[in-house]
Structures are given as structure tokens and as C-alpha cells.
Amino acid sequence: MERFTAVFEQEGKWWIGYVEELPGANTQGRTLDEVRENLKEAVQLVI
């Protein structure tokens with residue numbers, strides 16, 4: 001099983017998340033939990 005590093009940053013009221021090792025695996029959301037779930041889906045789609 002591969003492991004990737006997720007990066008989360010808050011920009012104003014929004015959170016963004018991305019995986020540096022996977023171009024195109026990025027998302028945004030209103031809460032950190034929402035971004036984590038969205039990023040899991042984005043990673044699955046990229047892989």
C-alpha cells in the first residue's frame with residue numbers, strides 16, 4: 001500500500017487540501033473534515 005502526504009491549509013474561511021505526489025489531487029471545503037473526505041475521493045480518482 002502506497003502512502004502519500006496530504007497538505008492542508010486554511011485560506012480565510014475555507015480549507016484547501018492537496019497531495020504533492022499526485023498532480024490533480026486537490027480539493028477545498030468549509031471544514032477540515034470535509035476537505036479530508038474530499039481529498040480521499042480525489043486521490044482515488046487520480047489513482
Side-chain angles (χ1 to χ4, degrees):
M1 175 184 240
E2 280 189 72
R3 291 190 177 251
F4 301 104
T5 304
V7 179
F8 300 100
E9 300 174 0
Q10 190 170 18
E11 296 285 332
K13 293 183 178 182
W14 288 87
W15 284 88
I16 60 168
Y18 58 93
V19 175
E20 291 179 342
E21 300 94 339
L22 294 173
N26 54 66
T27 189
Q28 65 182 21
R30 292 187 186 270
T31 66
L32 184 55
D33 287 336
E34 180 181 2
V35 171
R36 284 185 177 141
E37 288 302 313
N38 291 347
L39 191 57
K40 286 179 189 177
E41 291 177 28
V43 167
Q44 290 173 349
L45 290 172
V46 170
I47 294 177

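Everything quoted here is computed from the prediction, not taken from an experiment.
Between Ala25 and Ala42, the shortest heavy-atom contact is CA-CB, 4.3 Å. When every heavy atom of Leu39 is checked against every heavy atom of Thr27, the shortest pair comes out as N-CG2, 3.7 Å.
Taking the side chain as every heavy atom from C-beta outward, Ile16 and Phe8 never approach each other to under 4.5 Å. Counting heavy atoms from C-beta outward, Glu20 and Val7 have side chains that approach closer than 4.5 Å. Contact check for Phe4 versus Ile47: side-chain heavy atoms found under the 4.5 Å cut-off. Here the side chains of Leu22 and Val43 are in contact, with some heavy-atom distance below 4.5 Å. Counting heavy atoms from C-beta on, the side chains of Trp15 and Glu34 never come closer than 4.5 Å.
Surrounding CD of Glu2 are at most 12 heavy atoms belonging to other residues, nucleotides or ligands under 6.0 Å away.
A donor-acceptor pair is defined here as one N or O able to donate and one able to accept, closer than 3.5 Å; such a pair exists between the side chain of Glu21 and the backbone of Thr5.
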